[in-house]
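Since this is a predicted model, take the numbers as computed values, not measurements.
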Amino acid sequence: MPRTFVKGNEAVIKGAILAGCRAFYGYPITPASEIAESAAALFPQVGGTFLQAESEVAAINMVYGAVSTGQRAMTASSSPGISLKQEGISYAAGSELPVVLVDVMRGGPGLGNIAPEQSDYNQVVKGGGHGNFKLIVLAPNCAQEMCDLTMLAFELADKYRNPAVVLTDGFTGQMMEPIELPESVTQLPTKDWAVAATPETDKNLITSIYMEPSDLEEHNQRLQKKYAAITEAEVRYDESQTEDAELILIGYGIVSRILQSVVDKARAAGKHVGLLRPQTLWPFPGARIKELAKTTKGFLVVELSNGQMVDDVRLALNGERPVHFYNRMGGVVPDTEEIFEQVEKVLAQLRG
Amino acid sequence: MAKDILQKPDSLYDEFTRKPGSDPLTTHYCPGCGHGVVHKLIAEAMDDMGIRERTVFVSPVGCSVFGYYYFNCGNVQSPHGRAPAVATGIKRALPHSIVLSYQGDGDLAAIGGNNILQAANRGENITVIFVNNAIYGMTGAQMAPTTLIGQKTTTTPTGRSAENEGYPIRVCELLATLEAPVYIERVAISDSKHVMKARKAIRRGIQNQIDGKGFSFIEVLAACPTGWKMDPVDAVHWVNDVLMEHFPLGKVKDKNGDAPTRDLVAAAAKAQVNGQKVREIVGDSNGFSEHLSPPKTPTNYQSPRVKIAGFGGQGVLLLGQLLAQSAMVSDLFSTWLPSYGPEMRGGTANCHVIVSDKRIGSPLVSETDVLIALNLPSLEKFERDVRPGGVILVNSSLIERDVQRQDVEVVRVPVTELANELGQPKVANVIMLGAYIGYTKLLSEQSVLAAVGKVVKRKEFMEINRKALTCGMDYVRDQVDVGREAELAS
């Protein structure tokens with residue numbers, strides 16, 4: 001199998017095209033722009049649409065229109081751009097449209113900077129827009145997963161008629177690594193709900209409006225049921241050396257790569273440290289974390305944010321085990337040694 | 001004919017079952033409202049032009065948000081102001097469809113101002129029906145961008161003032177300054193004479209779309225007796241006597257004659273490519289199938305964490321990419337992480353490369369095994385990060401001072417001069433790569449050439465890069481290795 005050496009951002013577009021996505025609407029923003037640039041290069045070649053929209057808001061709404069027709073379509077941006085798209089995301093969730101987005105997180109709040117952060121966890125995982133909705137959120141940690149999880153995002157979005165987000169960061173987007181291209185999707189799901197401008201679909205309606213409170217409540221209850229089904233079936237995570245771990249590290253995206261090096265260093269020093277890396281941030285692998293609490297003494301969550309995912313870890317554990325937290329913000333990325341020091345401190349505390 | 005006028009068009013539902021409440025036969029619109037008439041004109045056109053089944057009606061936010069109660073075709077309800085963006089996505093996905101984007105004045109000219117402007121400017125092949133009644137009806141009669149000076153609304157209780165709120169926007173005239181739109185006309189529906197003109201304009205706007213001619217825009221002046229707090233008869237007079245004064249009727253732009261007819265469906269079909277071709281385009285053709293064995297690398301130089309730094313423009317990032325790709329070709333793991341920033345020339349650039357025989361965790365290089373410093377600031381910044389026993393490769397053309405560290409191996413290569421001697425200053429980076437692999441035996445010459453081959457497409461550039469690589473390898477063999485042996489001997 002040939003290997004290609006690509007940026008994570010480029011891998012996203014390769015995955016999207018192999019998944020049958022044929023429209024990309026976007027707006028330039030660092031550090032996500034290579035996604036739009038790759039789309040501009042490749043989509044027209046495969047008979048697809050690439051359009052640089054007038055704004056982030058327009059881009060998400062163009063995707064909303066495209067996806068309404070049954071087409072696989074996507075957009076991508078970075079943190080401030082995702083803030084702008086939130087209205088459209090809420091509409092897509094309400095209209096149950098399988099929109100796919102990529103968020104290459106950067107530093108905030110406000111204009112912040114373009115270095116990697118993970119401070120969009122709350123706005124993406126908890127829903128930054130209005131209403132009772134959930135997004136399927138996938139968290140790649142390498143170029144291969146930028147490709148693979150983009151493909152999975154299309155699959156899950158269609159399966160559940162729900163928006164799906166690939167939540168990544170500036171480093172994972174900019175980093176180059178070898179990837180192997182997966183097989184392309186040849187059979188796209190039929191979408192009898194779509195407005196396809198055909199006699200068969202001329203009674204179809206895409207909307208998020210339910211004027212009668214009882215109708216809207218029913219719609220919301222149906223959405224909640226769907227979310228429960230997704231939680232049941234779609235949790236994904238990756239574990240490394242958790243079996244005998246005294247301390248389990250938890251981190252996603254680029255942080256999980258650093259944590260893997262920390263685990264290797266700790267093991268080399270004879271310390272029993274393991275790693276749990278959520279690949280889905282929603283649904284969150286809370287049940288697995290609760291299970292691991294039976295065999296481990298404590299957890300250390302590391303994030304490039306003020307502590308957002310750590311709330312979900314605490315909720316899952318409900319006080320059962322101590323949850324330690326270490327973070328950097330503003331685009332500062334800790335190295336292996338810096339986190340290893342924290343591991344030593346936490347281990348000392350756990351042994352009390 | 002009489003029958004046609006009395007009967008509801010097929011493109012409107014007979015019963016409005018999507019409308020909540022107990023009366024499925026009447027619309028939700030107020031008495032004297034213009035939307036009902038405009039809906040009917042559109043639906044009749046859909047019937048007569050035989051396009052009902054392939055029409056997608058995009059409804060806005062505003063009184064016509066419930067367009068889907070009435071239109072018997074595919075319906076997409078869009079966020080406030082975004083109908084032209086939503087319509088763009090639909091039309092581009094479905095070139096055979098007829099997309100009608102229907103908007104009111106607040107939706108189109110205020111919150112969606114940029115969306116309509118840009119869709120018009122792109123010449124999207126859609127038909128926009130813009131109902132202008134100079135007020136926000138749905139939310140309770142607030143000021144619209146088209147509200148007249150002096151007009152009282154709930155948010156301009158003493159009348160709109162130019163000083164505070166500016167002037168009413170003439171959207172047709174604004175859009176007519178753009179190159180792309182083919183047809184822009186303002187009509188009214190205040191009496192039967194005007195309705196006939198409106199009917200014609202709507203049909204023309206739809207026909208343009210059927211013919212693939214581009215963007216058509218029909219503004220319809222309509223009454224909102226409830227919002228204006230008038231009875232329907234007075235409201236009609238107000239449209240004719242006051243509103244038309246500020247919004248003159250007629251064609252504002254018309255280049256139908258010049259606009260070419262386009263077959264969008266055929267064009268889309270022609271652009272389609274099949275499965276295997278898709279794969280080739282996506283990247284297999286750029287992929288590496290080579291599996292080249294690396295040379296026997298001394299332990300000290302295996303699995304290095306490398307930092308490469310220099311001026312922007314020295315090929316720092318490319319040097320790193322070639323190194324990482326050569327490792328991939330040699331069946332090693334590798335990562336490349338750039339310092340990324342605003343796209344500016346003349347700044348400093350650096351990248352982190354890790355090559356390993358094991359899966360790579362952190363791609364960050366802090367403790368550095370190998371530093372490649374192409375200029376002095378890079379050496380000064382990163383010298384202290386090199387681990388004891390590590391290697392520093394120095395571009396001695398630009399760095400005159402000695403490396404201060406005594407506990408590292410230093411390889412000085414005048415790559416800028418050597419590149420100039422080769423007649424191509426740009427290949428200094430490849431000379432340095434040659435020096436690095438020559439000194440450490442990390443990778444084979446063939447693996448680097450394979451990587452260069454993917455980046456450099458033109459044959460003559462391939463040749464100069466090959467020379468550069470050899471030049472770097474030869475330099476360390478002739479100059480550095482001899483010195484190293486002498487050192488070991490002494």
Side-chain angles (χ1 to χ4, degrees), chain A residues 2-5 14 17-18 23 25 30-31 42 45-47 49 51 53-55 57-58 61-66 68-69 71 73 87-88 91 114 170-171 174-178 181 184 186 195-199 201-202 204-209 211-212 257-258 260-261 264 333 335-337, chain B residues 18 20 52-56 58 65 68 72-79 82 85-90 92-94 96-98 114-115 117-118 268 271-273 275 278-279 281-284 286-289 321 324-325 328 333-338 340-342 360-364 366-367:
Chain A
R3 296 140 298 156
T4 316
F5 195 72
K14 291 178 187 294
I17 291 174
L18 293 174
Y25 296 95
T30 309
L42 293 179
Q45 290 188 53
V46 296
T49 299
L51 183 62
E54 61 267 28
S55 65
V57 175
N61 280 286
M62 288 168 182
V63 174
Y64 182 97
S68 294
T69 71
Q71 187 181 39
E87 181 204 37
Y91 272 70
I114 55 176
F171 271 2
Q174 295 294 322
M175 180 170 57
M176 289 182 98
E177 287 180 303
L181 292 181
S184 51
T186 47
V195 172
T198 56
T201 64
D202 70 353
N204 286 353
L205 164 66
I206 303 298
T207 189
S208 57
I209 192 169
M211 281 305 281
E212 288 293 311
R257 295 285 293 267
I258 305 166
Q260 183 59 58
S261 292
D264 293 345
V333 182
D335 61 18
T336 308
E337 289 69 28
Chain B
R18 283 172 172 162
R52 186 192 69 75
E53 290 177 339
R54 61 174 171 131
T55 296
V56 179
V58 182
V65 66
Y68 61 86
N72 181 9
C73 62
N75 277 275
V76 177
Q77 196 281 310
S78 77
R82 314 301 168 214
V86 172
T88 297
I90 296 170
R92 297 217 180 189
L94 304 173
H96 74 281
S97 65
I98 301 301
N114 193 29
N115 298 117
L117 187 76
Q118 303 283 344
Q272 287 311 310
V273 295
V278 166
R279 236 196 124 77
I281 291 166
V282 168
D284 266 2
N286 275 322
F288 291 81
S289 302
Q321 286 176 14
Q325 290 195 49
M328 178 181 78
F333 294 96
S334 61
T335 56
W336 173 91
L337 182 69
Y340 61 91
I360 296 164
S362 173
L364 284 165
S366 41
E367 193 188 39

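In this structure, the side chains of B:P79 and A:V57 stay at 4.5 Å or more apart for every pair of heavy atoms. The side-chain heavy atoms of A:L18 and A:L181, taken from C-beta on, include a pair separated by under 4.5 Å. The side-chain heavy atoms of A:Y64 and A:I206, taken from C-beta on, include a pair separated by under 4.5 Å. Looking at B:V273 and A:Q45, their side chains never come closer than 4.5 Å, going by heavy atoms from C-beta outward.
Of the two parts of A:A23, neither the backbone nor the side chain holds a non-hydrogen atom closer than 4.5 Å to a non-hydrogen atom of chain B. Contact of A:F171 with chain B is made through backbone and side chain together, with heavy-atom distances under 4.5 Å. Contacts between B:I98 and chain A at a heavy-atom distance below 4.5 Å are absent for every atom of the residue. Looking at A:V63, there are no atoms closer than 4.5 Å to chain B (heavy atoms on both sides), in backbone or side chain. Heavy atoms closer than 4.5 Å to chain A are found in the side chain of B:V65, but not in its backbone. When heavy atoms are compared at a cutoff of 4.5 Å, A:Q71 approaches chain B solely by way of its side chain, counted from C-beta outward. Proximity to chain B (any heavy atom under 4.5 Å) is restricted, for A:S68, to the side chain, taken from C-beta onward. Of the atoms belonging to A:E177, heavy atoms from both backbone and side chain fall under 4.5 Å from chain B.
Here the closest non-hydrogen pair linking B:R82 and B:N115 is NH1-OD1, 2.6 Å. In terms of heavy atoms, A:F5 sits closest to A:P178 at CD1-N, 3.6 Å. When every heavy atom of A:A197 is checked against every heavy atom of B:S97, the shortest pair comes out as CB-CB, 3.5 Å. What you find for B:R52 and B:N72 is that their closest heavy atoms are NH1-O, 2.7 Å.
Here A:L205 is the residue among A:L205, A:D335, A:T207 with the most heavy-atom pairs under 4.5 Å with chain B. For the set B:P20, B:P363, B:S334, the entry with the most heavy-atom pairs within less than 4.5 Å of chain A is B:S334. Ranked by heavy-atom pairs shorter than 4.5 Å toward chain B, the options A:Q260, A:M176, A:E337 are led by A:M176. Ranked by heavy-atom pairs under 4.5 Å with chain B, the first of A:S208, A:A53, A:S55, A:P199 is A:P199.
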